[in-house]
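To start, the structure itself, in structure tokens.
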Amino acid sequence: MPTTSLSLTETPLLAGILALADDALILGHRLSEWCGHAPMLEEDIALANIALDCVGQARAFYAYAAEVAGEGLSEDDFAYRREAGQYRNCLLVEQPNGDFAATIVRQVLVSAFIDPYYRALMASRDATLAAIAAKAEKETAYHLRHSGEWLIRLGDGTDESHARARAALDELWPYTGELFEVDAAEAALIEAGTLPDPRTLRAEFDATLDHILGEATLARPPGTWMQSGGRAGRHSEHLGFILSDLQYLQRAHPGAAW
């Protein structure tokens with residue numbers, strides 16, 4: 001494997017696949033940081049399993065990206081040889097874990113979107129994307145149920161747990177708008193039936209959150225201003241730190257295998 005960063009010519013299809021892969025990889029990496037640090041053993045295992053699900057989804061999408069890109073690339077090339085500006089993940093997944101409440105709120109927000117998105121992707125005219133989504137949706141349905149139950153416990157628990165959940169929701173809510181953005185390249189894929197239109201999933205996302213937040217005695221933040229830029233490669237400083245950890249071995253020892 002060469003030491004230089006990966007040079008890519010992104011077609012709309014490749015960019016769309018990488019957005020899905022990058023979301024899954026970066027969220028999986030974030031969740032893996034909880035291993036050995038969760039508030040109880042059972043949840044330590046649960047978060048590690050969710051992280052493994054996410055990394056597995058990322059691998060499936062990266063493998064397909066390598067097939068689409070050609071040039072003899074592999075899934076490892078996409079994970080380890082791209083710079084931060086080449087990543088297409090949304091800003092939400094790269095946000096720090098914070099406390100346990102912040103991690104749970106982030107997971108609820110991501111899962112409330114990605115679970116219906118994968119269900120819609122199962123109807124894609126692209127057979128490979130449809131197959132990946134069919135497997136992944138079984139996992140994301142569990143992720144949503146698990147994190148939703150925890151948010152209800154935290155929000156409707158003690159004054160301390162409620163305050164922490166409330167603070168996390170206020171902090172992370174402005175990152176949800178990017179989930180529903182569509183650029184010109186993605187619009188063409190939507191028109192072709194390759195990708196679902198995320199804007200059509202807004203009502204289900206809202207209904208899911210309203211149900212969970214209602215039981216958690218939490219209210220949706222009133223603000224309407226939203227962060228944006230991750231899909232275009234404009235990331236927070238947090239992604240650079242994630243990649244310095246994630247990519248260290250392959251950057252220091254190119255082609256290392258075991």
Side-chain angles (χ1 to χ4, degrees), residues 4-30 54-95 110 113-114 116-133 135-137 140 175-202 226-236 238-240 242-243 246-247:
T4 56
S5 298
L6 189 63
S7 177
L8 279 176
T9 300
E10 286 190 4
T11 63
L13 177 58
L14 181 58
I17 298 168
L18 289 177
L20 293 168
D22 293 345
D23 279 351
L25 179 66
I26 299 304
L27 181 59
H29 185 83
R30 272 296 188 217
C54 291
V55 173
Q57 294 162 17
R59 290 191 63 190
F61 285 123
Y62 284 140
Y64 186 38
E67 180 183 330
V68 169
E71 304 177 23
L73 298 176
S74 71
E75 61 191 70
D76 285 353
D77 290 312
F78 290 105
Y80 297 132
R81 292 182 54 211
R82 286 182 300 152
E83 302 292 341
Q86 294 175 292
Y87 269 72
R88 297 292 173 256
N89 60 279
C90 63
L91 297 172
L92 178 58
V93 297
E94 67 193 47
Q95 297 311 300
V110 172
F113 169 78
I114 202 63
Y117 187 91
Y118 281 162
R119 271 190 272 114
L121 186 60
M122 288 164 60
S124 172
R125 292 179 181 174
D126 185 308
T128 302
L129 288 177
I132 296 172
K135 180 180 183 299
E137 194 279 330
T140 57
Y175 294 98
T176 59
E178 187 178 23
L179 300 173
F180 302 94
E181 291 180 352
V182 173
D183 62 17
E186 187 176 2
L189 294 173
I190 293 168
E191 181 67 23
T194 303
L195 293 179
D197 188 340
R199 296 166 295 190
T200 65
L201 305 175
R202 184 77 206 215
M226 293 288 163
Q227 295 274 6
S228 184
R231 297 295 189 215
R234 299 189 303 274
H235 294 280
S236 66
H238 307 302
L239 183 62
I242 291 171
L243 295 183
L246 177 70
Q247 297 179 340

**OP:** Please confirm whether the backbone N or O of Gly230 pairs with a side-chain atom of Glu178, one donor and one acceptor, at under 3.5 Å?
**Re:** yes
Original post:
What's the spacing between Glu137 CD and Gln57 CD if we round to 0.5 Å?
Top reply: 10.5 Å
Subject >> Backbone N/O of Glu83 and side chain of Gln86: donor-acceptor pair under 3.5 Å >> reply: yes
Subject >> Under 3.5 Å: donor-acceptor pair, side chain of Glu94, backbone of His235 >> reply: no
**OP:** Heavy atoms only: give me the nearest Pro198-Ile190 pair and the separation to one decimal.
**Re:** CD-CD1, 4.0 Å
**OP:** Work out which heavy atom in Ser124 is nearest to a heavy atom in Asp126; give both atom names and the distance.
**Re:** OG-N, 2.9 Å
Original post:
What distance separates Leu121 CG from Leu20 CG, expressed to the nearest 0.5 Å?
Top reply: 6.5 Å
Original post:
Roughly how far apart are Leu6 CG and Asp76 CG, rounded to 0.5 Å?
Top reply: 11.5 Å
Subject >> Sole residue of Phe78, Tyr62, Phe61 in side-chain contact (heavy atoms from CB on, under 4.5 Å) with Asp22 >> reply: Tyr62
**OP:** Check Ile17, Leu195, Asp197, Leu129 against Leu189 for a side-chain contact (heavy atoms from CB on, under 4.5 Å) and give me the one that passes.
**Re:** Leu195
Subject >> For Ala69 against Leu14, the heavy-atom pair lying closest together >> reply: CB-CD2, 4.1 Å
**OP:** If the plane angle is over 60° it's perpendicular, under 30° parallel, otherwise tilted; pick one for Phe180 and Phe113.
**Re:** perpendicular
Original post:
How many angstroms lie between atom CG of Leu239 and atom CG of Leu246, to the nearest 0.5 angstrom?
Top reply: 9.5 Å
Subject >> Shortest non-hydrogen contact between Ala120 and Leu201, atoms and distance >> reply: CB-CD2, 4.5 Å
Subject >> Residues Glu10 and Arg88 bridged, charged N to O under 4.0 Å >> reply: yes
Original post:
Are any non-hydrogen side-chain atoms of Leu243 and Tyr80 less than 4.5 angstrom apart?
Top reply: no
Original post:
Between Gln95 and His238, is any pair of side-chain heavy atoms under 4.5 Å apart?
Top reply: yes
**OP:** For residues Tyr117 and Pro196, determine if any side-chain heavy atom of one lies less than 4.5 Å from a side-chain heavy atom of the other.
**Re:** yes
**OP:** Can you see which heavy atom on Leu179 is nearest to which on Cys90, and at what distance?
**Re:** CD2-SG, 3.8 Å
**OP:** Evaluate the side chain to side chain contact (heavy atoms under 4.5 Å, CB included) criterion for residues Arg30 and Ile242: first the C-alpha distance (whole Å), next the side-chain angles of each, then the deciding distance (0.1 Å), finally the verdict.
**Re:** CA-CA 8 Å; Arg30 272 296 188 217; Ile242 291 171; 3.6 Å; yes
Original post:
Are Asp23 and Arg231 within salt-bridge range, i.e. N to O under 4.0 Å?
Top reply: yes
Original post:
Roughly how far apart are Ile132 CD1 and Met122 CE, rounded to 0.5 Å?
Top reply: 13.0 Å
**OP:** Would you check if the side chain of Gln247 reaches a backbone N or O of Arg82 as a donor-acceptor pair within less than 3.5 Å?
**Re:** yes
Subject >> Closest heavy-atom pair and its distance - Ala79, Tyr87 >> reply: O-OH, 2.6 Å
